[in-house]
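These values consider heavy atoms only, across backbone and side chains, with no hydrogens, waters or symmetry-generated copies. The shown structure was predicted, so the numbers you read here are calculated from the model rather than taken from an experiment.
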Amino acid sequence: MPTNVLMPALSPTMETGKLAKWLKKEGDSIKSGDILAEIETDKATMEVEAVDEGTLAKILVGDGTDNVAVNTPIAIILAEGEKAGGALIAQPVKPPVHSPVKVEETTRQASPPQIAAEESKDEKGARVFASPLARRVAKQKGIDLAAMKGSGPHGRVILKDVEAIKPAAGSSAQPQLPAKAQAIPDDAVLKLFEAGSFDLVPHDSMRKIIARRLTESKQTIPHFYLSMDISLENLLPLRARLNAQAPMSKDGKPDWKISVNDFVIKALGMALLKVPDANASWTETAMVKHKHADVGVAVSIPGGLITPVVRHVERKGLAQISTEMKDFAARARARRLKPEEYQGGSTAVSNLGMMGVKNFSAVINPPHATILAVGAGESRPVVRDGAVVVEQQMSVTLSTDHRVVDGALGAELLGAFKSYIEEPGLMLV
C-alpha cells in the first residue's frame with residue numbers, strides 16, 4: 001500500500017519548517033540513500049533521505065512551501081512493483097518504527113523518532129499529544145494540557161494553543177507578557193508612510209525565530225550589565241609571535257592564524273572555570289551548574305545570526321579554537337551546521353569590534369545566563385604611575401541573568417576575564 005513521507009522534526013522544538021525544494025520528481029525511482037528534498041529551518045538547511053525503495057508517486061507539498069507542520073504528509077511512495085489503484089490519498093498516520101525517511105545532515109544519520117518525545121499520559125491514563133515547546137510554556141503558565149484541544153497535526157497541542165489560554169487561577173507560574181497584544185498592528189504601521197514609498201519583505205523563518213526568542217529573553221530574563229576597559233598591551237605582541245611561528249601546510253599557508261576573538265573565547269572559558277558559580281543556567285526548579293565551559297560565538301549570516309558552540313574551551317589551545325571557529329563560521333554561512341553544534345552552551349560572545357563598534361550590550365540567549373559583548377581595540381590615553389601614556393585597549397560589557405549571577409559574582413567573572421586578557425600567560429598555568 002502507499003506509504004506517506006512525513007515532514008520530519010529536525011529538532012525537539014521544531015513545529016514547522018519550509019520545504020525548500022524537491023530533488024526528485026513524480027515518477028522517479030527511489031533507492032535507499034537517495035536525497036528526496038531539502039528542508040529549511042531557522043538555522044540550517046537539511047536533507048531528507050530515503051531509506052526504502054520504490055517510486056515517488058505523488059508530491060503533496062510543493063517547492064518553497066513555508067510553515068509545513070511536523071508530521072504532515074509531504075509525498076507518497078509506492079513500494080517496488082506496487083501499482084496505484086485509483087487516486088492516492090494521504091491519510092494521517094503515526095510514523096512507523098522504521099520511518100520511510102531520515103533526516104540527512106552532513107553525516108547522513110537518521111533523525112530519532114519524535115512522537116515518543118511528544119506523547120505522554122494524563123492523570124487518568126489518557127494520551128496527551130503536545131509539542132515540547134507547548135509543554136514547557138504550559139508548565140510555566142500552569143495550564144493542564146489534558147483539558148485542551150490542539151490545532152496542530154492530528155490534534156496535537158502546539159504553542160499558539162497554549163498562548164491563547166490564560167494561566168489557571170492561583171497559579172504560581174510567572175505571567176507571560178503577550179508580545180503580540182502590545183505590538184502595533186501592521187495596517188496601523190503602514191498608514192504612517194506614504195503609499196508607494198516602501199516595499200514589503202516577508203519575514204523568513206530565521207527572522208521570526210530571532211524576533212520571538214529575543215522578545216522572550218527581554219521579557220523573562222532580568223538583565224543587568226557590567227562594563228570594563230581592558231588593556232591589550234600584552235596580548236597583541238603574544239598573538240603576533242604565535243602567528244609568526246605557525247608551521248606551514250603543503251599549500252604554503254600557515255596552519256593557524258589566531259585572532260583576538262580566539263583569545264576572548266579562551267579567556268571567557270577559563271574565567272567560567274575560575275568562577276564556577278557563574279557557569280550556570282536557570283530553570284524554575286533548580287540551578288544548572290555546568291562542569292565545562294562551552295562558549296557560544298555569535299556569527300553573522302544572511303538574514304540573521306547563529307551561535308555555534310565551542311565545547312570544553314578549558315581543554316583546548318588557541319590554535320584548536322581558531323580552527324574550529326573558522327570551520328563553524330564557514331558552515332554557518334552555508335547553513336550546514338548540525339543542531340548539536342549550535343544548541344546549548346553555558347555562555348556566549350558577541351564581538352562587533354571588527355566593525356568599529358566601541359561598546360554595546362548584547363541580549364542573553366537562553367539557556368545562557370551571560371553574554372559578553374566585545375568592542376573594538378583602539379589606542380587610548382590612560383594614566384599609568386601618574387603619567388599619561390597611550391595603550392591599546394578594548395571595552396567589554398557582560399550582560400547577566402540576575403536570577404543566576406548577582407552583581408558581585410558578575411564583577412568577579414568579568415575581573416577574571418580581564419586578568420586572562422591582560423596577562424594571557426595565565427591561561428597556560
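- Between the Asp161 side chain and the Ile158 main chain, a donor and an acceptor come within less than 3.5 Å of each other.
- Judged by distance alone, with hydrogens and angles left aside, the side-chain atoms of Asp401 form a donor-acceptor pair with the main-chain N or O of Arg403 at under 3.5 Å.
- With contacts defined as side-chain heavy-atom distances shorter than 4.5 Å, the pair Asn351/Val260 does not qualify.
- A donor-acceptor pair shorter than 3.5 Å can be found between the side chains of Thr370 and Thr347.
- Asp251 and Ser249 share a donor-acceptor pair across their side chains, judged by distance under 3.5 Å alone.
- Ile74 has its side chain within reach of Val68: a pair of non-hydrogen atoms, C-beta onward, lies under 4.5 Å apart.
- Under the 4.5 Å side-chain criterion, counting only non-hydrogen atoms from C-beta, His290 is not in contact with Leu272.
- With hydrogens and angles disregarded, no donor-acceptor distance shorter than 3.5 Å links the side chain of Thr397 to the backbone of Ala373.
- Listed by chain and number, the residues in a salt bridge (charged side-chain N to carboxylate O under 4.0 Å, His left out) with Asp277 are Lys289 (sequence neighbours excluded).
- For the residue pair Arg384 and Ser231, no side-chain donor N or O sits within less than 3.5 Å of a side-chain acceptor on the partner.
- Looking at Val275 and Leu409, their side chains come closer than 4.5 Å, going by heavy atoms from C-beta outward.
- In this structure the side chain of Tyr342 never reaches within 4.5 angstrom of the side chain of Val309, judged on heavy atoms.
- Counting heavy atoms from C-beta outward, Ser346 and His368 have side chains that stay 4.5 Å or more apart.
- Take His312 and apply the ring pair (Phe, Tyr, Trp, His ring centres under 6.0 Å) test, not counting sequence neighbours, and it matches His292.
- By the 30° and 60° cut-offs, the orientation of the rings of His402 relative to Phe224 is tilted.
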